[in-house]
Amino acid sequence: MRVIDFFFALRPLVLVPAWSFLIVGYGLARADGAIAFPAERFTLLTLVLVATYLVNQVIDYESDRINGKGFFLQRGIFSRRLYVVVAVVCLALALGAAFVRARSPLLLAAAAALGVAYSVPPVRLVARPGWDLVANSAGYGCLALLLGAGDAAVWSHAWLLRAGAGFCAVAAVFLHTTILDFDGDRRTGKRTSGVALGRTRARVLAAVFGTLAVACAAWTGAAWLLLACAALALVCVAGVAWPERVSSRTVCVGGTAVFALVAGAYVPAYLAALVMLVVVTRWYYRRRFALAYPSL
């Protein structure tokens, strides 16, 4: 049971946005010319993300407890020391393999640096309004996308716009995640972009980023990317116009789902695996904690 617990303590569903953007990057590169699926970079990025999420759970122990995110550390199922040890091992394996195997080592090192700087004092970008948004958007929307494309992602006008679309799309969703955590973050003194802006202005800025994502995607000529950004922008605008009907949770789930669907269009097996993961996760949390997670 502890092995199963630890698998879910890694919060695999939180990895979905990065996985999806990596696969979208692969799909965009494949449309430019035949390339193999970047299985090694996918695995190495997963290790980096697992490490940074474990560190984040250790640092954000109190705010996660207030926001209702704490299950394993807060209930004493696992220790913070174990999380730190596993995080260090994952980072060492990922970065060591990336440099030895020459699998985009600089991009992976940048992802690891952003992940650590996001949570760990004194930098702690998560508590620096604006910088928390930049770190998330650059990590998920740009680095993951470029890792999926690999060497096919040249510094061209089209790829800069694709990365820009990814950045803006992630920024839009991220702002709504800070709205969801607003109360707990404010009570623990964690000053995020959402806390600094307030709920209303955060929703408006998310709609602006969603619109910018559409503009960038339109210039690239990538139909699937444009479709995903347009769907996200519509939900974000609806969140401004009808906040009582279109909640931040709806925007976060919808935004994540639409890019997962696009990734699934490129790699159908990914979508099938993701559906299975959601079903198993809901079953596990209902049996283990009597909770409906993820909330759909």
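All residue numbers refer to positions in the sequence shown, counting from 1.
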With a 4.5 Å limit on heavy-atom distance, are the side chains of [X] and [Y] in contact?
X    : Y    : answer
V50  : L15  : yes
Y284 : L291 : no
P12  : L277 : yes
S20  : T256 : no
F72  : F289 : yes
R124 : V120 : no
V116 : V55  : no
T281 : P294 : yes

message = Could you go through F259 and W19, starting from their C-alpha distance and side-chain angles, then the distance that decides it, and tell me whether this counts as side-chain contact (heavy atoms from CB on, under 4.5 Å)?
response = CA-CA 10 Å; F259 280 96; W19 285 342; over 6 Å; no

Which residue pairs pass the side-chain hydrogen bond (donor to acceptor under 3.5 Å, both in side chains) test with at least one member in [range], sequence neighbours excluded?
range            : value
residues 209-233 : none
residues 189-201 : D60-K190, D132-S193, D183-R199
residues 97-118  : E40-R101, E40-R103, Y118-N136
residues 72-97   : none

Which distance, rounded to the nearest 0.5 Å, do you find between the [atom1] of [X] and the [atom2] of [Y]?
X    : Y    : atom1 : atom2 : answer
R288 : Y293 : CZ    : OH    : 15.5 Å
L107 : C142 : CG    : SG    : 10.5 Å
Y270 : L261 : OH    : CG    : 10.0 Å

ask   = Would you say L143 and L161 are hydrophobically clustered, going by side-chain heavy atoms of ILVMFWY under 4.5 Å?
value = no

side-chain contact (heavy atoms from CB on, under 4.5 Å) between C90 and V86, intermediate numbers included = CA-CA 6 Å; C90 286; V86 174; 4.0 Å; yes

ask   = If only atom types and distance count, is the side chain of T178 paired as donor or acceptor with the main-chain N or O of L175 below 3.5 Å?
value = yes

task = Would you confirm whether T52, through its side chain, and L49, through its main-chain N or O, come within 3.5 Å as a donor-acceptor pair?
result = yes

ask   = Linking Ile, Leu, Val, Met, Phe, Trp and Tyr by side-chain heavy atoms under 4.5 Å, what else ends up with L226?
value = V214

Provide the closest heavy-atom pair for [X] versus [Y] in the form atom of the first, atom of the second, distance.
X    : Y    : answer
C229 : A217 : SG-CB, 4.1 Å
A18  : A144 : O-CB, 3.7 Å
C236 : A207 : CB-CA, 3.8 Å
G139 : L114 : N-CD1, 3.9 Å

Residues 21-30 side chain polar contacts: donor-acceptor under 3.5 Å, at least two apart:
| unit_1 | atom_1 | unit_2 | atom_2 | d |
| --- | --- | --- | --- | --- |
| Y26 | OH | R30 | NH1 | 3.4 |
| R30 | NH1 | Y266 | O | 3.3 |
| R30 | NH2 | Y266 | O | 3.4 |

query = Distance under 6.0 Å and angle within 45° of the ring axis: does R162 meet both against W159?
reply = yes

task = Kindly determine whether L82 and F6 satisfy side-chain contact (heavy atoms from CB on, under 4.5 Å), including the steps that lead there.
result = CA-CA 10 Å; L82 175 64; F6 196 74; 3.9 Å; yes

inquiry  = The test is side-chain hydrogen bond (donor to acceptor under 3.5 Å, both in side chains); show your working for T46 and T43 and say whether it passes.
reply    = CA-CA 5 Å; T46 298; T43 302; over 6 Å; no

